[in-house]
Structure formats: structure tokens, C-alpha cells
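First up is the structure itself, then whatever we jot down about it.
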2 protein chains.
Amino acid sequence: MKPTVHDIARSAGVSLATVDRVLNGRPGVRHVTRERVEQAISSLGYVRDVAAANLAKGRTYSFVFVLPNYDNSFMIGIRDEVHAAISRSGAERTQIRIVEVPPFDAAALADALNHIVPDRPDGVAFVAVEGLEVHAAVAGLKDAGIAVVTLVSDLPGSERDHFAGIDNHAAGRTAANLLGRFTGGRDGRIAVIAGSMLVRDHRERLEGFLAVMGESFARLDVLPVMEARDNPALTAEVVSAALGRYPDIIGLYSLGAGNRGMLHALREVAREARPVVVAHELTATTRAALSHDLIDAVLNQDAGHEVRSAIRVLKGKVEGLSVIAAQERIRIDIFLKDNMP
Amino acid sequence: MKPTVHDIARSAGVSLATVDRVLNGRPGVRHVTRERVEQAISSLGYVRDVAAANLAKGRTYSFVFVLPNYDNSFMIGIRDEVHAAISRSGAERTQIRIVEVPPFDAAALADALNHIVPDRPDGVAFVAVEGLEVHAAVAGLKDAGIAVVTLVSDLPGSERDHFAGIDNHAAGRTAANLLGRFTGGRDGRIAVIAGSMLVRDHRERLEGFLAVMGESFARLDVLPVMEARDNPALTAEVVSAALGRYPDIIGLYSLGAGNRGMLHALREVAREARPVVVAHELTATTRAALSHDLIDAVLNQDAGHEVRSAIRVLKGKVEGLSVIAAQERIRIDIFLKDNMP
DNA sequence: CTGAAAGCGCTTACAG
DNA sequence: CTGAAAGCGCTTACAG
């Protein structure tokens, strides 16, 4: 039988309360007693039953998710996943609240984070926007003993405990590789459409993309990035314009969330003249476009994984555990039409 | 506060024992009583605390994993994951045993399955090999009330409860798509190296591969499949021979586990003359080959996911729950050198 | 057919 | 610094 606290208590000749103190590193145990208990723990090979501990603690973790009120499919997916987590709250002993902020707005984000401090939740997860005020707000949360995780977009150099998102640099490299290979040795131009270079994840994707293009596909000429703020109409317009102006565009990398607009522009082009297209995030839109050969490959980050990982890490931080990096790494999925899930 | 069994008992005016009987569909409750309790359950919005239930039950699930004693990296990975699950046994209330059988041997597999019946475990997971005797063995397990899941390779048409593995047909299609695209419009031959067409997963991959090759890449001429029983030396030999005989092989699909041998043969070929290569399973070998541009893409099934999914499904079956298909679907991962995890 | 009581493996006031 | 007792939300003999 698996040893329990009772076995340890008996073996060490102490009470359950003392075993518990040692087990949880709580103060108020004489050194010799502690040692006796630790001895018993290791010699019996005790390992704590987390479920039972949680049941006894009756503890619930309070977390706040700060998300942009931004209606692209991916962000909607993230919100849905947070709601799914909320609906699992009972079983997972969490209490999760969502705070919405305007997108791409450092001041508003910092403000929202600062307002959370007095509530003293156990942890906060947020989609980072860069800005000194955001760094300061993170420091404020940490000072208040609140665990902090960035989600989807990171804030390196800040005091956040963890980033739950993909390596966007690697995503950009992967996109370049696919686009380079899929264009099959032909010469030509590559167009890149982004949301905004002010957002870190877009910037990193572009960097990775350009690096591989330079290293491995010198025959391809990458046009200056077009920033269309993930706005469908604007995206459609700039993509149309670019395709009109450069008939030798043979590849298109959509690294932001403007896929609907991009597809609109692409449909205007005769099938044989369409460029190879790599886009981000598997949504209803990109899924349909993959099946209809309008998009050739989709890079995806799994919103469910990200949200669940964020929650797991926050819980761990509250418990003072360290993150198991390998387990919490969010993968860059590649989907072609044949391996869509 | 979340309602508990106590709340239901109070609200329905019955004892905890009766609540428990209704909750778990156990007999011995008068119809009217049962209705009263059910009414309370739904009106209070009760949802059972599974962790507490498990604690009280003290139940452990006994499972047997029947695995081929086959030393390719992927199978070793599967075994490692089962061992990892065994080491989590305490926390997960499972008791898992591994039974090894010779690979590709239907009679031996059926024998092993038959021998498990008298032990009456709660569930069995096994890597299927086709054969009537295996179907019969599965029927025997099911007759004994044992949950049955196939792992990695399926046995459709049998009475198994679930298959924990990828859609190999889709994997083959994906491979064809990648290979077709990566060869970039050039004409030439494609070589396919497999373990054995007697194994269902290999056969399905080939079918999917050939289907897409026929549909979309008529310019490519697929050579007859080479079966090398996943044997490194033999694989090296046949691949070398093929490359020697057909200098216009521009693509290679390795759909089995013979990657080490294949790589050996590839390294003999001048860098510029090397074909585009798509292989299966991310292992130390294929990982290194990806980094060194010897392999261009790896399709992967996550052994950890498969094993954990198998265990989850077995537990669910024992509890009489139905599988949430979407959650248990095993993905076909695509890895290029830039998005390796 | 129904209920009172004990127990699963922990944690937590409270008392000393 | 240490311990006895109660309790977390369930389940399980046992008795009636």
C-alpha cells in the first residue's frame, strides 16, 4: 500500500499535524522533530495525494484573465477557452474572472492591471502590449504577491513569471521554410501582410521569416511588410493593390489576423495566378480556405493549450512550484488540408 | 457555494446513502424516492466532485498494456510513456502492467490477450496486428467485461472500444502533399520505403499517399513500395539500391520505422543529388536528420498523448462514460526543422 | 428500500 | 513546539 500521512506519523512518532507542518514546510517544528519526520517520509517513499490535499484545503484559486476585446476568431477562441475553464471551475477549484481591455493599448492595459491589484487575486494572465507602463503594472502585481503570466504575446524583460504562447520567431522561420519550399524553385516576389509591427508577436514572426528568406531563399524577393491592423477591409485593399502592382508575387505570408480580408482579395485572382499562401491560426475561415486550396498551410497555436497551460502555471506559482518547461511549451502546429484536426 | 451530497440529501429529505445510490445508478431505491433525489440534483445544479469520489472509493483501475518487444525508437517511446504512467500510478489510481509480445505476430498477440482474461483487469490496451485469432481474443476480453483499446495500430471491425492512434490514411495524404510540394514542380520518381504491408498502419499510409499522388501530382512516378521490415541494414540496402538504379528519384517517403537505415543510405549520396525526404516519428534520429537537412519533414504521432488518451478512455469505459471524440483525437504533427518542439 | 456511521488522505483551527 | 479532533465531498459496509 502507498504510505499515507498516518504511516509517517506513526513511523516518526508524531501527530498528523506535525507531519503536515513538515510536509508543507510550515514553521513551528523543532529541528530534530523535523528531521525525524523527513527521515520517515523518505524511508517510506511517501508521496502526497494532491487530490486529497486539495479536498481538505477546500482552497480555490482566484485568477483574472485580461483579454483584448478584439473580435478576430483567434481571440474569440481564447475567450471561449477561458469560459470553458470557468465552467470547469468547480472541479478545478478555480475562480476565474475576465477583464476586457481595448486592443493594442498599453495605457489601458496597464490601467486594467493596476486596478486588479486591490482585489488580490492569486494570479493574473494577460495578453501583453509593450510599454513602460505595462512593465510597471507587472511589477506592481508581483509586489502584491500575485502570480503573473503573459498569454499569446509576451513581455520579456518584465517580472512576469511565465509566457504561455508560441515562439513567434520560430513560427516566422517555419512560415518562410514552407513558403520557400512550396514555391518550388521559381523566382518571384513574396508579400507579407501583418497587423501591426507594434505588437511583439507580429514583429517576431516577421524577423524569423526574413531571416530564413535571406539564408535559404535568395531567389525570392520579399516586399516591404504591409500593416493593415488586422482590419478586413483594409487588408483586402492592400493585398489587392499589391497583387495588382506586382504580378510576380508568387507567395504570401499572412502573419496577423487579417485572413478574411486577404482571402477576399485572393478570390479575385484567377486560380492559376494565385500565390502560395501561408497564414496563422486555424479558424473556420482558414479551415475553409485550406480545404478550397486558397491557403496552402496554416500555422497554429492551440488556444485551449495556452489557456490551460496558463492556469496550470498560475496554480503552480501560487503553490511555489517551478514550471516544467517542456510540459508547458506551446507547439507551433502546421496544418495542411489533409491533417486538419 | 457548490452544492454537495449533503445539500441534496437535505433538500430531498433522504440520507447520504440514498443520494449516492441515485447518483451512481445503483439499485434498491423506490421510484418516488429516486425522483425526489433527481429533482433535487437538477434543481440545485449539483455536479459531483470526482476527486472526492475517487478518494472515497479508494478504487484503483488495473490495466494491461500489450506491446511489441520491438526496439525502434517510437516503440521505445511508447514503452517509456507507459512507464511514466506507471510512475504516476499513485496519483492516478491506476495499476498498470506491461506484457511484451513479439512484433507482427497475430498468434502470439492473441495468445497474450487470451492469457490476460483470467486476471480480470479493468482494461487492456494493445498494438493490433491483424488476424482472426486477434478478433476472437478481443471478443473474449469484452465477454469478460474488460475494456479494450487499440494503440497506434487499430483493429477495425473488432469489438474494441476505441482506437488511440492517428488517422494513418490522412498521414499518408499529408506526406504526399508535402513531398509533392517540396519537389517543386520537377518531374521524377518517388520511392516509398515501408516496414510491412501486413501492418495496417503502414498499409493505410501507403493508400493515402498513393491517392494524393494520383490526384495531384501526376508528374511524379511512384515506384513500387519497398518493404524492409523496419530492419536498418535491409533498409539501407534497398534504399541504396533504388537510389543507384533510379538517379531520377527526387522524393522519398519513409512510412515505417526504418529511418536509421534510410539515413545511412542517404548519406552516401552527394548533397545536391539527395531527394526530398518525408519520414514518420520524431525521434533522436529523425530530429538530428531534420536539423542537418537530411530529412525535410517528419510526421509525428505523440506517444505521450496516445498512452494518456488510452488510459483516459479505459478509465472512462470502466465508469461507463462515452468517449469525447474530439478530445481523444490524436493529431498528426508536422515538424520541419524550425518548429521542432 | 433506507439510514447512521465510519473512512478515504489530507489540512486546519484550537488548545495546551 | 506539539497534538486531538473535526472536516473537505464522497462511498461503503452494516443494520434495520
Side-chain angles (χ1 to χ4, degrees), chain A residues 1-38 40-41 44-61 88-95 315 318-320, chain B residues 1-38 40-41 44-61 88-95 315 318-320:
Chain A
M1 275 317 288
K2 237 185 108 207
T4 71
V5 277
H6 289 98
D7 301 317
I8 301 176
R10 196 176 324 118
S11 156
V14 298
S15 73
L16 290 180
T18 297
V19 172
D20 189 69
R21 288 186 188 101
V22 174
L23 237 27
N24 292 291
R26 276 189 276 270
V29 184
R30 239 189 328 162
H31 189 246
V32 278
T33 317
R34 185 176 296 276
E35 287 209 315
R36 210 139 36 91
V37 175
E38 271 161 356
I41 290 174
L44 294 184
Y46 171 80
V47 23
R48 158 214 272 94
D49 181 331
V50 184
N54 284 336
L55 175 59
K57 279 197 276 229
R59 138 154 239 171
T60 60
Y61 303 89
R88 291 191 307 265
S89 282
E92 301 189 347
R93 310 187 168 275
T94 50
Q95 205 177 317
K315 276 189 181 174
V318 173
E319 298 290 314
Chain B
M1 275 315 289
K2 237 185 111 208
T4 72
V5 277
H6 290 96
D7 301 315
I8 301 177
R10 196 174 325 117
S11 156
V14 298
S15 73
L16 289 180
T18 297
V19 172
D20 190 70
R21 287 183 189 104
V22 174
L23 237 27
N24 292 290
R26 275 188 277 270
V29 184
R30 238 188 331 160
H31 188 245
V32 278
T33 317
R34 184 177 296 276
E35 287 209 316
R36 208 139 37 92
V37 175
E38 270 161 358
I41 290 175
L44 293 184
Y46 171 81
V47 21
R48 156 210 277 94
D49 181 330
V50 184
N54 284 336
L55 176 59
K57 279 197 276 227
R59 138 153 237 172
T60 60
Y61 303 88
R88 291 190 308 266
S89 281
E92 302 188 347
R93 312 188 166 275
T94 51
Q95 206 178 316
K315 276 188 181 174
V318 174
E319 299 290 313

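Because the structure is predicted, anything quoted here is derived from the model rather than measured.
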For S15(A) and dT2(D), is the shortest distance between a side-chain N/O and OP1 or OP2 below 4.0 Å? no

Close side-chain approach of D7(B) to T4(B), heavy-atom, < 4.5 Å: yes

On the nucleotide dC1(D), are OP1 or OP2 found under 4.0 Å from the side-chain N or O atoms that T33(A) carries? no

About how many Å separate OG of S15(B) and CZ of R10(B), when rounded to the nearest 0.5 Å? 13.5 Å

Whole-Å distance, R34(B) CZ to dT2(C) C1', equals 13 Å

Can you tell me how far apart CG (N54(B)) and CG (D49(A)) are? Round to the nearest 0.5 Å. 9.5 Å

Residues pairing under salt bridge (Lys or Arg N to Asp or Glu O under 4.0 Å) where one sits in residues 21-33 of chain B, two or more places apart or in two chains, turn out to be D20(B)-R26(B)

Determine the minimum heavy-atom distance between L16(B) and A9(B), stating which atoms define it. CD2-CB, 4.1 Å

Scan nucleotides 8-16 of chain C nucleotide by nucleotide, 5' to 3', and note B when protein non-hydrogen atoms come under 4.0 Å of the base, S if they reach only the sugar-phosphate, - if neither. BBBBB----

Between P on dC1(D) and CD on E35(A), what's the gap in Å once rounded to a whole number? 14 Å

I8(B) vs S11(B) side-chain heavy atoms within contact, under 4.5 Å: no

Just checking V19(B): base, sugar-phosphate only, or nothing, at a heavy-atom cut-off of under 4.0 Å? nothing

Pairing stems for DNA chain C [at least three consecutive pairs; Watson-Crick or G-U; under 3.5 angstrom]: C:1-3 with D:14-16, C:5-12 with D:5-12, C:14-16 with D:1-3

When you compare the side chain of R36(B) with that of V22(B), does any pair of heavy atoms fall below 4.5 Å? no

